[in-house]
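For reference, the structure discussed in these notes is given below.
Since we're looking at a predicted model, the values are computed, not measured. In what follows, every heavy atom counts, from backbone to side chain, and hydrogens, waters and symmetry copies are set aside. Below, chain A is the first sequence line, B the second, and so on; all start at residue 1.
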2 protein chains.
Amino acid sequence: MISGKFAITTHILTLLAKFPNEFMASDYIAGSLNIHPVLVRKEIANLKKHNLVESKEGKNGGVKLIASPEKITLEDVFKITFDKATLGFSKNEPNPECPVGKNINSNLNDLYEGINQTISKQLQSVTLAEFTEKF
Amino acid sequence: MISGKFAITTHILTLLAKFPNEFMASDYIAGSLNIHPVLVRKEIANLKKHNLVESKEGKNGGVKLIASPEKITLEDVFKITFDKATLGFSKNEPNPECPVGKNINSNLNDLYEGINQTISKQLQSVTLAEFTEKF
DNA sequence: ACATTTGCAATATATTTTATTACAGTTATG
DNA sequence: CATAACTGTAATAAAATATATTGCAAATGT
C-alpha cells in the first residue's frame with residue numbers, strides 16, 4: 001500500500017474541484033503535493049478506474065473531474081484508497097497452537113470491521129464540495 | 001512507530017488476562033505472537049510506563065497484569081499505542097504557495113481528529129475482559 | 001514535425017519495521 | 001554462592017515497504 005494514498009488522492013481531488021472544467025497536468029499537481037509526478041499518475045489511474053476523473057493525453061492534456069464535487073464524498077475516497085482501515089496486525093502468523101494466537105487475528109478483524117463502518121459513516125457526511133470550501 | 005503495536009499489545013494483554021496471578025515470560029509471549037522477544041519487551045516497557053502491568057526480573061520472572069481486565073478498555077490500549085490514528089499524510093511538505101498545499105494538512109488533521117474521537121468512543125465500549133472471553 | 005503530456009514498467013533509493021546480537025543487572029534455587 | 005533463567009536496553013543488521021527516478025511508447029495540439 002501507499003501510506004499516503006488517501007491524503008494524496010484527497011489533495012488531487014481538491015485541486016481538481018477548485019479548477020473544474022479544465023485539464024490539469026500531473027506535473028502541476030505534483031508541484032502542489034511536492035511529490036513525484038509518477039506517483040500522482042498512479043493515483044490518477046486509480047481515480048480513473050473508479051470513474052471519478054477523466055484524463056487526456058498529449059499537449060494541453062491532464063486530468064479533470066467527471067463526477068460533481070457535491071456527489072463525491074470522502075467515503076468514496078476512503079473506499080478506493082484503503083482495502084480496509086485497521087489498527088494494524090502483527091507481521092507474522094501467530095502460533096496456531098496457542099488459543100490466543102490461533103484466534104487473535106479473527107477477533108481483531110471483527111473489531112476493525114466495526115471501526116471501518118464507523119469511519120465510513122463519518123466520511124459519508126463530508127462531500128468533496130464541502131471539503132474544498134475550506135481552502 | 002511500530003505498525004503492529006496495537007495488535008501486539010492487545011495480544012499480550014489478552015494472554016496476561018487469561019493467566020492472571022502469574023508472571024509470564026516474554027519468551028513465552030513471543031512464542032505465541034511468533035515475533036522476537038525483544039519486541040515483546042519493548043511493548044511491555046510501554047505497558048509498564050502506563051501502569052497496566054508489573055514485571056519481575058530474574059528467574060521465574062515475567063510480566064503480570066496490575067489493572068483488572070474489567071477496568072481496562074481497548075481504548076486504553078489504543079491511547080498508549082497510537083499517537084493518533086490517521087488515514088495518512090503525504091510524505092513531503094506540500095507546496096506552501098499553493099492554497100491547497102498550504103492548508104491540506106491542517107484540514108486533514110481536523111478530519112482525522114474527528115475520526116479519532118469516534119474510534120476512541122467505540123473502543124471504550126470493549127473491556128479487556130470482554131475481549132478475552134472470545135478466546 | 002515538434003513540444004508536451006499521459007501511461008506504464010522497471011529499477012533504484014530512502015525510510016520504516018522488525019530481528020538479532022550483546023551485555024549488564026536481578027532473582028530463585030540447589 | 002554459583003548458576004541458570006529472567007528482564008532491560010542499546011546498538012546494529014536485515015527485511016519490508018514506500019517513494020523517487022529513469023526510460024520509453026503513444027497521444028495530441030499547434
Counting only side-chain heavy atoms from C-beta out, which of [options] sits nearest to [X]?
X: A:L39; options: C:dA19, D:dG8, D:dT19; result: D:dT19
X: B:V38; options: D:dT9, D:dA20, C:dA19; result: D:dT9
X: A:K56; options: D:dT19, D:dG29, C:dT21; result: D:dG29
X: A:K91; options: C:dT18, D:dA20, D:dA26; result: C:dT18
X: A:A25; options: C:dA19, C:dT5, D:dA20; result: C:dT5
X: B:K59; options: C:dC8, C:dA28, D:dG29; result: C:dA28

Rounded to whole Å, please give me the gap between [atom1] in [X] and [atom2] in [N].
X: B:L33; N: C:dT17; atom1: CG; atom2: C1'; result: 15 Å
X: B:F89; N: D:dA18; atom1: CZ; atom2: C1'; result: 17 Å
X: B:E54; N: C:dT26; atom1: CD; atom2: P; result: 18 Å
X: B:N92; N: C:dT16; atom1: CG; atom2: P; result: 11 Å
X: B:E43; N: D:dT9; atom1: CD; atom2: P; result: 13 Å
X: A:K64; N: C:dT5; atom1: NZ; atom2: C1'; result: 16 Å
X: B:L47; N: D:dT7; atom1: CG; atom2: C1'; result: 15 Å
X: A:I35; N: D:dT21; atom1: CD1; atom2: P; result: 11 Å

Output yes when at least one side-chain N/O atom of [X] is less than 4.0 Å from OP1 or OP2 of [N], else no.
X: B:K48; N: D:dG8; value: yes
X: A:S26; N: C:dT5; value: no
X: B:R41; N: D:dT7; value: yes
X: A:H36; N: D:dT21; value: yes
X: A:N60; N: D:dT30; value: yes

*DNA chain D: 5'-proximal contact among A:E57 and B:S55 (nearest heavy atom)*: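 Between the two, 5'-proximity favours B:S55.
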*I would like to know whether A:T9 and A:L47 meet side chain to side chain contact (heavy atoms under 4.5 Å, CB included); could you show each step before the answer?*
CA-CA 8 Å; A:T9 299; A:L47 283 165; 3.7 Å; yes
*Classify the ring geometry between B:Y112 and B:F89 as parallel (under 30°), tilted (30 to 60°) or perpendicular (over 60°).*
perpendicular
*A:F6 and A:F78 aromatic ring geometry - parallel, tilted or perpendicular at 30°/60° bounds*: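 Rings of A:F78 and A:F6: perpendicular, over 60°.
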_Between B:N116 and B:K84, is there a side-chain heavy-atom distance shorter than 4.5 Å?_
yes
*Going through the distances and angles, do B:S55 and B:K48 end up as a side chain to side chain donor-acceptor pair (under 3.5 Å)?*
CA-CA 8 Å; B:S55 64; B:K48 285 182 72 173; 2.8 Å; yes
